[in-house]
Visitor: 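Please read through the structure below; I'll follow up with questions.
In what follows, every chain begins at residue 1, and chains take the letters A, B, ... in the order their sequences are listed. Here the structure is a predicted model, which is why all the values come from computation and not from measurement.
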Amino acid sequence: MYNTNSIKEILNYTEEKTGLTVYGWIRTKRESKTFSFIELNDGSTIQNLQIIINDTVPGYSDTISTLTTGASVEVVGNLVASQGGKQKFEIQAQSVKVLGVASPDEYPLQKKKHTLEYLREIGHLRPRTNTIAAVLRVRNAACFAIHTFFQERGFNYIQTPVITASDCEGAGQMFQVTTLELEKIPFIKDSNGKTTNEIDYSKDFFGKKAGLTVSGQLEGEIMATALGKIYTFGPTFRAEHSNTTRHLAEFWMIEPEMAFCDIFGNMDLAEKFVKSIVSYVMKECKDDLDFFTQYISPDLMSNLAVVIENKFERITYTDAVDILLKSGVKFEYPVQWGIDLQSEHEKYITEVVYKKPVIVTGYPKEIKAFYMKLNDDGKTVRAMDILVPRLGEIIGGSEREDNYEKLCARIKECGLNEEDYWWYLELRKFGSVPHAGFGLGFERLIQFITGMQNIRDVIAFPRAFKTAEF
RNA sequence: UCCUCUGUAGCUCAGCCGGUAGAGCGGGUGACUGUUAAUCACUAGGUCGGGGGUUCGAGCCCCUCCGGAGGAGCCA
């Protein structure tokens, strides 16, 4: 058995065709006295294929009661012009075989709308819904577009480690990876041979404390300073107890890193990148995006059009603070130069002031990571965040500090330990180059493209605080 | 982790001043010669999230635990 006629292909046929075998899951059935219609979906497209089954089909009376929502079937028949108005073609069935029944008493998906919250409770079946299947097709298309974008520009796809022993990436709370038995943790003994409460990680699998990566950036810099242009695309883990519509404990991140590139080249690439992915998905997943526009987010298409048709606004952090101060709006978190921009501030700038994506650069060094290149003013760093309406920050990046002494100074200033960064520092000691890169949260991009509100609905198997059932 | 809301039929919800429950959808049965959110008629579904308390009496009030959602922080 091999399904040679996906419903997507069949619906693209321009003329009638005999002797087709189609497979799929029944979405709905409409029964009349001497015939029934079933809507068949096989996941290849959001569209269903209508099958008409006359009661002259062998075994009709026995089969028809098992043709219920969720059942899987094999249908043999002819593709004929449909008499109904909502589809060009339909299958006139010659035989229908149920491959797997789905008892209507027990099958959790009914032929009615379900809430996304309910679908999260049945994670094993929710990909069989229009919404989640559409999300997954968009994800697939976006993945392809991402690789294409970088490959066409000479970037090397590299793989950074999932397990990392550098506890110093500083981007968030890490999940610890250990083979130590929690009941028998080895503690370090002091000079008198007395047990302290300091854990002896030399006994652990890697001989040191290890965790799941929170970012591949530092390793990405190693590769960029050898291969020139690289990108990573892999899973990332954050152990924060975040409980929001924009955070996951396990998510996918794309991190390009470019040698011989400054903050401006970085911004140009990031803007082209976002536009390119959005355009590709708009072209390849039109049906799915139409669905999202109709049922999830009415102004989705116009929002996406704004992204690809307009130049992203570029402002400095200082500009942003001025705009917020002059707005006269009373924010919950008062604005003042030096503070980190809060969600409400980002939303005001993208949704009220510019109504399109905005790139903010030149943040105060105090609120950004140690590795970002210091500007000549000594106060701000060459960071860039891309903010989009509704979601806020979708990309965070920077030109990296490539001067050995300045980087050492920043590490100290941030209260970090120089020895922990010995290999990172050596990249600045040997053939240092200006370089820059950014990180883009893949699920946030998918949220933006689909209009889905909750990040848990744009990934097949969401991992979040207290959530790992499926 | 904090704040707010929420938990009643398979799903989505209503349930007044405290007097032991309703609707829509879905399901089942029947009708219907082209349906497509099919339509029409009939019908079966309930330990009101768990535990404790107040009361003659609790879906409703109080305490507590658990689950879900939204917002905040952290960030991508």
Visitor: Please tell me whether A/N54 and A/T56 have a donor and an acceptor in their side chains that are separated by less than 3.5 angstrom.
Guide: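 Side chains of A/N54 and A/T56: no pair found under 3.5 Å.
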
Visitor: Listed by chain and number, what are the ring pair (Phe, Tyr, Trp, His ring centres under 6.0 Å) partners of A/F149, not counting sequence neighbours?
Guide: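 With neighbours one apart ignored, the set is A/F273.
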
Visitor: List in chain and number order the residues that pass ring pair (Phe, Tyr, Trp, His ring centres under 6.0 Å) with A/F291, two or more places apart in sequence or in another chain; answer none if no residue qualifies.
Guide: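 Listed in chain order: A/Y295.
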
Visitor: What residues, two or more places apart in sequence or in another chain, satisfy side-chain hydrogen bond (donor to acceptor under 3.5 Å, both in side chains) together with A/R382?
Guide: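 If we apply the side-chain hydrogen bond (donor to acceptor under 3.5 Å, both in side chains) test to A/R382, skipping adjacent residues, the hits are A/N375, A/E399.
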
Visitor: Sorted by first residue and then second, give each ring pair (Phe, Tyr, Trp, His ring centres under 6.0 Å) pair with at least one member in residues 40-96 of chain A; sequence neighbours left out.
Guide: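 Pairs touching residues 40-96 of chain A that pass the test: none.
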
Visitor: Listing time: all N or O pairs from protein to nucleotides 26-29 of chain B that are below 3.5 Å?
Guide:
residue: B/rG27; atom: O2'; partner: A/D105; partner atom: OD1; Å: 3.4

Visitor: Which protein N or O atoms sit under 3.5 Å from an N or O of nucleotides 66-71 of chain B?
Guide:
residue: B/rA69; atom: OP1; partner: A/R120; partner atom: NH1; Å: 2.7
residue: B/rG70; atom: OP1; partner: A/N454; partner atom: ND2; Å: 3.0
residue: B/rG70; atom: OP2; partner: A/N454; partner atom: ND2; Å: 3.2
residue: B/rG71; atom: OP2; partner: A/T245; partner atom: OG1; Å: 3.3

Visitor: Ignoring hydrogens and geometry, is there a side-chain-to-backbone donor-acceptor pair from A/H345 to A/Y333 under 3.5 Å?
Guide: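 Judged by distance alone, yes, a pair lies under 3.5 Å.
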
Visitor: Could you tell me which residues satisfy side-chain hydrogen bond (donor to acceptor under 3.5 Å, both in side chains) with A/K111, sequence neighbours excluded, listed by chain and number?
Guide: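 For A/K111 there are no side-chain hydrogen bond (donor to acceptor under 3.5 Å, both in side chains) partners, ignoring immediate neighbours.
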
Visitor: Tell me yes or no: between the side chains of A/Q447 and A/E443, is some donor less than 3.5 Å from an acceptor?
Guide: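 The criterion, which ignores hydrogens and geometry beyond distance, is not satisfied for A/E443 and A/Q447.
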
Visitor: Who pairs with A/R30 by salt bridge (charged side-chain N to carboxylate O under 4.0 Å, His left out), at least two apart in sequence or on another chain?
Guide: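 For A/R30, the residues satisfying salt bridge (charged side-chain N to carboxylate O under 4.0 Å, His left out) (neighbours in sequence not counted) are A/E39.
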
Visitor: Can you list the residues that meet the ring pair (Phe, Tyr, Trp, His ring centres under 6.0 Å) rule with A/F292, with sequence neighbours excluded?
Guide: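 Applying ring pair (Phe, Tyr, Trp, His ring centres under 6.0 Å) to A/F292 gives none.
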
Visitor: Please determine whether a side-chain nitrogen of the Lys or Arg among A/K356 and A/E313 lies less than 4.0 Å from a carboxylate oxygen of the Asp or Glu.
Guide: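 Yes, charged N to carboxylate O under 4.0 Å.
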
Visitor: Between A/F442 and B/rA76, do the rings stack, that is, sit under 5.5 Å apart with planes less than 30° off each other?
Guide: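 A/F442 vs B/rA76: stacking no.
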
Visitor: Please report the distance separating the P of B/rG71 from the corresponding atom of B/rG57, rounded so that it comes out in whole Å.
Guide: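 Their P atoms lie roughly 43 Å apart.
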
Visitor: Could you tell me which residues satisfy ring pair (Phe, Tyr, Trp, His ring centres under 6.0 Å) with A/Y157, sequence neighbours excluded, listed by chain and number?
Guide: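 A/Y157 satisfies ring pair (Phe, Tyr, Trp, His ring centres under 6.0 Å) with A/H147, A/Y231 only.
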
Visitor: Taking atom types as they are modelled, would you say the side chain of A/R444 forms a donor-acceptor pair with the base of B/rC75 within the 3.5 Å cutoff?
Guide: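 Indeed, a donor on one side and an acceptor on the other fall under 3.5 Å apart.
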
Visitor: Any N/O pairs under 3.5 Å between the protein and nucleotides 42-51 of chain B? List them or say none.
Guide:
none

Visitor: RNA chain B: stems of at least 3 consecutive Watson-Crick or G-U pairs, cut-off 3.5 Å?
Guide: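 The stems are B:1-7 with B:66-72, B:10-13 with B:22-25, B:27-31 with B:39-43, B:49-53 with B:61-65.
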
Visitor: Using a distance-only criterion (donor-acceptor N/O pair, under 3.5 Å, no hydrogens), is the base of B/rC74 paired with the side chain of A/H247?
Guide: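 Between B/rC74 and A/H247, which were checked side chain against base, a qualifying N/O pair under 3.5 Å is present.
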
